[in-house]
Amino acid sequence: MTAYLHCLSHTPLLGHVDPEPAILAEVDGVIAAARERIAAFDPELVFLFSPDHYNGFFYDIMPPFCIGTQAHAIGDFGTAAGDLSVPQELAEDCVAAVLADDVDVAISYTMQVDHGFAQPLEFLLGGLDCKPVIPVFINGVAVPMPSFRRARRLGEAVGRYARSLDKRVLFLASGGLSHQPPVPELANANAHLRERLTGGGYHLPPDEREARTQRVIHAAHRFVQDQNSLHPLNPQWDQGFMATLASGRLEELDGLANAELSALAGKSTHEVKTWMAAFAALSVYGNYQTSHHYYRPIPEWIAGYASMSGQPLDVPPQTAWPSYPSPTQETPR
């Protein structure tokens with residue numbers, strides 16, 4: 001069978017601090033078109049690569065990668081809450097296959113996920129439990145973080161497992177691009193925050209959850225007025241990254257050090273390693289082509305916001321799906 005890929009930025013600020021209506025409508029159109037393409041492909045199994053933002057993974061034990069055999073979305077920032085439809089046996093088999101492929105990955109039978117997982121499932125599939133999904137966590141905020149090379153190798157291992165299943169497989173990636181919202185750091189945390197980052201944050205009290213939400217909203221409002229109040233967005237790097245993925249030159253990013261990436265595009269830009277993993281998984285199916293590139297820097301969301309689809313070059317006619325007009329904002333190819 002074959003595979004399809006879609007990568008999409010996520011933002012917890014949607015509905016809280018939004019750009020002007022024309023831009024919001026533009027993004028809505030990009031998402032709606034992607035949702036239609038995915039529905040036409042009709043995936044039998046979804047692999048979702050996504051990060052966390054100290055909502056499900058903490059420093060009590062912080063794996064670089066983790067695959068969930070069960071998962072529950074907490075519903076932060078107004079996103080959907082509830083259980084994901086995870087096929088447990090397939091997820092267990094995936095973990096075993098990835099480990100056998102010499103990539104170390106953790107396993108979770110009680111994975112807790114946030115908006116990074118919930119938004120793509122809501123926006124692109126219609127809900128948390130509309131399709132069988134195997135959630136693949138990639139650490140994108142908590143140092144030490146995995147490299148591009150390790151994310152690529154994880155994606156290739158997942159792709160080899162997926163290809164062995166003889167199913168229509170959808171690879172989703174959620175995160176990035178350039179951004180640096182006010183995410184806490186262990187190195188400069190006070191005693192209370194340190195307790196939260198080392199495991200005390202699994203079940204935040206409602207008042208702390210709301211205070212955390214308001215801090216991000218306040219930072220976004222300030223960033224709109226002064227884009228030096230946080231790490232500035234980097235459209236040049238963002239579009240170059242998309243062009244690298246589209247060209248299939250994935251290994252070119254192997255040598256980009258984590259500190260260099262943070263300096264270029266912000267400390268939360270490491271979320272783009274989910275895109276790397278998804279493209280690496282697709283590459284197992286052979287040469288691929290990308291389409292429907294969209295990019296726009298959106299200060300209100302503290303993000304370079306992007307979307308891109310991909311599919312193998314040799315898609316059999318009986319599993320082909322319709323194409324849709326590309327958005328006006330396209331990544332150079």
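Given the structure is predicted, the values throughout are model-derived calculations rather than measurements.
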Donor-acceptor under 3.5 Å ([X] side chain, [Y] main chain):
{"X": "Glu156", "Y": "Ala280", "answer": "no"}
{"X": "Gln119", "Y": "Thr11", "answer": "yes"}
{"X": "Arg35", "Y": "Gly126", "answer": "no"}
{"X": "Ser9", "Y": "Gly176", "answer": "yes"}
{"X": "Tyr161", "Y": "Leu90", "answer": "yes"}
{"X": "Asn234", "Y": "Leu264", "answer": "yes"}
{"X": "Gln112", "Y": "Asn55", "answer": "yes"}

> Side chains of Ser307 and His6: donor-acceptor distance under 3.5 Å anywhere?
Replying inline: yes
> Looking just at side-chain N and O atoms, do Ser309 and Tyr4 make a donor-acceptor pair shorter than 3.5 Å?
Replying inline: yes
> Under the ring pair (Phe, Tyr, Trp, His ring centres under 6.0 Å) rule, what pairs show up with a residue in residues 226-268, not counting sequence neighbours?
Replying inline: Trp237-Phe241
> If you draw the axis of the six-membered ring of Tyr285, does the NZ or CZ of Arg163 fall within 45° of it and under 6.0 Å from the ring centre?
Replying inline: yes
Within a strict 4.5 Å, meaning less than it, do heavy atoms of the [X] and [Y] side chains meet?
{"X": "Thr198", "Y": "Leu186", "value": "yes"}
{"X": "Leu245", "Y": "Leu250", "value": "yes"}
{"X": "Val113", "Y": "Asp52", "value": "no"}
{"X": "Tyr109", "Y": "Glu92", "value": "yes"}

> Could Arg296 and Asp238 be called an ion pair, given the rule that one side-chain N must be under 4.0 Å from one carboxylate O?
Replying inline: no
>> List the residues meeting side-chain contact (heavy atoms from CB on, under 4.5 Å) with Pro51, not counting sequence neighbours, and say none if there are none.
In response: His10, His53, Glu271, Thr274
> Taking only residues two or more places apart in sequence, or in another chain, which ones meet His270 in a side-chain hydrogen bond (donor to acceptor under 3.5 Å, both in side chains)?
Replying inline: Ser262, Lys273
